[in-house]
Structures are given as C-alpha cells and as structure tokens.
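We count ligands from 1, going down the list as the structure has it; atoms in each ligand are counted the same way.
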Amino acid sequence: MTQMIKEPFLADNIDYSTYSDVVFQINSLAKADALVNPEKTVNATIGTLCGEDGKILAFRSVYDSFRKVPDTVKASYASDLGGNPDFREEIFKWINRNNNIELPHAVIAAPGGTGALFLMFTSCLNKGETVLLPDIYWGSYNLMVNKHQLKSEKYRIAENNQVSIRDLMAKSESIMERLGKLMVIINDPCHNPTGISLGYEKWSQLIDFFNKLSEKGPVIVVNDTAYLDFAHNPDHITDYMANFNKISDNVLLSLAYSCSKAFTCYGARLGANIILAKDPQRVANMDNALRRVLRGTWSNGNNGFMHCVVDVLRNHKEEYLRERDASVAMLQRRADIVVKEAEQCGLPLYPYHEGFFITIPIEDTDLLSRYHSALMKDHIYTVKFQKGIRIAICGLPEKKCYGLAARMKAILEETVND
Ligand SMILES: Cc1ncc(COP(=O)(O)O)c(C=O)c1O
C-alpha cells in the first residue's frame, strides 16, 4: 500500500485511493465492443458460468425451488447466527459427499466464500503477521491482507510448468521459523486462475508436512474450495479430503465453500466456513469466535437462500445434478478446445486440470501489461493477474473458443517482438 496523507474522517491506514475493480471495468469495455464488433469480440473476463447463448446460467432446479420459498421466510432473519441448522447439516453432507471426513467439525454460514475467507483473515493473525498465499491468486485475498494490516508471502504453485508444492513447503517453514505460527491459503481444486488441482497424493504429502511443521507452532490451512463442484469428476473431487483425518492436534483446517458457483447464485451471497480439527474443544472455540465476528460484521446469513439450498439438496438433487453435470461437460468442451489449440500453436499455458479458468503464464510485468492491452486492441478481453493472463472459459461459448489460442499466440509474438 502506498503511503497516503491521512484522511481525517478515516482511521489510520485505510486506503481511500480510487477503487476500481478491473474485472468489472474490462467486462464493461468488452460488452460495449461486442455491440459494435460482435464477431471479433471475445469476452473472457467475468467469472460466472454462462451458457452457449452467452447468458449467465441460473439452474432451473435452484430457481424453481427459490420461487417457492415463502416471502415470510425470505423476509426473516436466519434461525441461528451461524446459519440455519438444516443448512449447516446439508452443506456438510454435500461437501463430505463421500463420507471421508471423520473429524469434529463446525459449519458457519457466510456471505459467499468471500465471507468464509474473511472470517479467517480477521480472526487468526495479529496485525503485521504474515499469511502465505499462492503467487498467482484471486485479488480479494490481497484486499483482505491490507484490510487487516497483515503481510503476505507467496509460494510458487508451478515450477518448470509443473504443479509443485515444493515452494509452498519451503515458504511455510520459513514463516514458521520467524512467526511461530502459519496460516496458508490453498485455493484447490480448480485454482483460480490456473485451473490447477493438487489431487490426493499432493494433499497427502502436504498434510504430513503440516503435521511435522505443527510441532513448532500452530498451522491453519485455509482450503478455498470455491470451484469444487466444477471439477471434471465432482463425485470424486473431494477424495483428497480423506487426508484431513490424519491432521495433528496443532493443525486446524478451514474449508471456505461458495454456494455462488455450485448453485449459480453469485448475487445471493451465500457460502460456508467449515472448521475441522482433532480436538472438539478447539472447533467449538473457533465456532464461538467466528460467530462473534460475523454478528458484528454481517449479522446473519441469507435465510431464503439457505432454505432453497436445503430444499434442492434434500428434494431436487437429481434435477440439480443433471444441470450441474451438463455444465461441467460444457466447461470441459470449452477447455478441450482452448487447451488442444494452444498445444497445436505453441501458446504456453499453466498446467490446466479443471474449472472455470485457463491462464497464460507471463512473469515479466511489463510484457504482461503490454500483452493485455494488445489483446484488447484485437477485441480479446481477459483479466491480467499477477503472473499471467486469465481466460475465463466459464463465460465463453464454444464458438468463441475456436481459434482463440492462435489469435492470442500471434498477439503474444507481436508483443514480445515489439
Ligand atoms: C478463488 C475464489 N475464492 C472465493 C471466491 C468467493 O466467491 P463468493 O464470495 O461469490 O462465494 C471467489 C469468487 O470469485 C474466488 O474466485
């Protein structure tokens, strides 16, 4: 954060420089361009799932259910600050879909995955302490770091274009040495923006590593699972969670879950934070602490939508799964086109496994900015991340995926040679 003159109405260290969310900004540019140049314009900016007609997907199974939620229920506060008990129960069952989590747990409803993450950023570290983030990451993590006056360090999620946990472990050790405590964010599966998923084996190694590290101090692992349900095989994507059962007493896990993506309800602001630890008292202590925070921050969750999610999971699961699976297949077709064509034309990509996004790695920040602008000049709208250009295939109809890699490769070459 740059040093600013104190604004008398604000507390110290509040950043009041003009805030513009680049994703929303570039999306507006893309929409305006599409009106004039519909054929050439590719809008690969926004992180919401759109159908082949380019319109946002709103699952019928979800919205048929939501329409039936009585107005009085929608108007009411939740029955419990931490979220309605039936919602908490169903969300846990939904995530623990293979019954492979056997740890004491607490579920706390939150306004989206964002709220679930906020609870951890606000509760686990003191001002000035360091949180460990991936080196290419969802920008809101950084807003939360700044808001809480924390510091951050970054671990490389890929080395030599291979998924790697080597740097994650090295940075974890280094932070533990200095701080005597570690909080790390692991956005997995379907990492935003690369589409990397770590899988069972890497998680197993990580948990063994965190257990060993926790002999030196407490370890908090925040697993941001925002895109979990859009993995290739959602029925088995949670298999890695079986590794959680072997955590030591000094390791705490938080699963930040987002209903936004799973239930196509980004605007409803619903998600959950699932706390897992070996000692039930530790879980209860976290539950109490987080409830206090949320009561003074957003008060309580979206009652109407909690009812809807419970109804969908209990009474309309088959219809829901049909829609979700069709969306997963649609995403896969898009990804296959982009990845295959990228291979053919030599466009570099981070190793993509699954999920909403595919990313072109670019380390040189000057090249990154020039490339991002050059793409826009050629009517291709993407989001510039810290170390790459993100292509949001979630919002890109198949016909827009064809030929995209070759266009992007040609522009990359021109920009490099500029
Ligand atoms: C990596 C990641 N985590 C969490 C979220 C939280 O989403 P929401 O607050 O809508 O659930 C997002 C949304 O874009 C995300 O990309």
Side-chain angles (χ1 to χ4, degrees), residues 21-24 26-27 44-50 56-59 62 83 87 91 94-95 107-122 131-145 147 152 154-155 157 183-198 221-231 237 254-274 294 297-298 301-302 305-306 308-309 331 350 352-359 382-388 390-395:
D21 192 298
V22 283
V23 181
F24 286 85
I26 298 172
N27 183 39
T45 57
I46 212 86
T48 49
L49 192 59
C50 295
I56 190 165
L57 272 181
F59 290 160
V62 172
F87 172 76
I91 281 295
W94 174 238
I95 292 169
V107 182
I108 298 153
T114 308
L117 290 161
F118 178 90
L119 287 175
M120 301 310 283
F121 277 88
T122 207
V131 55
L132 185 57
L133 305 177
D135 63 341
I136 173 161
Y137 57 94
W138 183 50
S140 292
Y141 297 155
N142 210 31
L143 293 175
M144 293 191 215
V145 166
K147 198 243 163 290
S152 65
K154 317 290 176 340
Y155 60 89
I157 62 164
M183 175 162 134
V184 56
I185 312 291
I186 304 180
N187 176 202
D188 185 81
C190 314
H191 172 257
N192 177 9
T194 62
I196 287 174
S197 291
L198 293 177
V221 181
V222 180
N223 180 193
D224 179 354
T225 62
Y227 298 92
L228 180 92
D229 295 294
F230 292 93
I237 194 62
S254 154
L255 305 186
Y257 184 72
S258 166
C259 293
S260 304
K261 336 282 170 188
F263 298 94
T264 61
C265 64
Y266 314 84
R269 311 309 308 136
L270 190 58
N273 186 344
I274 297 174
L294 74 86
T297 312
W298 58 77
N302 180 334
F305 232 91
M306 280 194 268
C308 167
V309 167
L331 257 181
Y350 273 95
Y352 171 83
H353 299 140
E354 48 203 355
F356 276 30
F357 310 110
I358 295 178
T359 290
T382 58
V383 176
K384 185 176 77 161
F385 268 64
Q386 305 82 7
K387 288 188 170 184
R390 185 183 83 175
I391 308 166
I393 52 165
C394 54

- Item | Residue pairs passing the salt bridge (Lys or Arg N to Asp or Glu O under 4.0 Å) test where at least one lies in residues 112-121, sequence neighbours excluded | none
- Item | K387: salt bridge (Lys or Arg N to Asp or Glu O under 4.0 Å) partners, not counting sequence neighbours | D135, E363
Polar pairs, ligand 1 vs protein, N/O only, below 3.5 Å.
residue	atom	partner	partner atom	Å
ligand 1	3 (N)	D224	OD1	3.3
ligand 1	3 (N)	D224	OD2	2.6
ligand 1	9 (O)	G113	N	3.3
ligand 1	9 (O)	T114	N	2.9
ligand 1	9 (O)	T114	OG1	2.5
ligand 1	9 (O)	R269	NH2	2.7
ligand 1	10 (O)	S260	OG	2.7
ligand 1	10 (O)	R269	NH1	3.0
ligand 1	11 (O)	G113	N	2.6
ligand 1	11 (O)	S258	OG	2.6
ligand 1	11 (O)	S260	OG	3.0
ligand 1	14 (O)	Y227	OH	3.3
ligand 1	14 (O)	K261	NZ	3.0
ligand 1	16 (O)	N192	ND2	2.8
ligand 1	16 (O)	Y227	OH	2.7

- Message: Could you measure the distance from the OH atom of Y257 to the OG1 atom of T225? Nearest 0.5 Å is fine.
- Response: 7.0 Å
- Flag, side chain of N302 to backbone of L270, donor-acceptor distance under 3.5 Å: no
- Message: Can you classify the ring geometry of Y141 versus W138 as parallel (below 30°), tilted (30 to 60°) or perpendicular (above 60°)?
- Response: perpendicular
- Partners meeting side-chain hydrogen bond (donor to acceptor under 3.5 Å, both in side chains) with S254 (sequence neighbours left out): N273
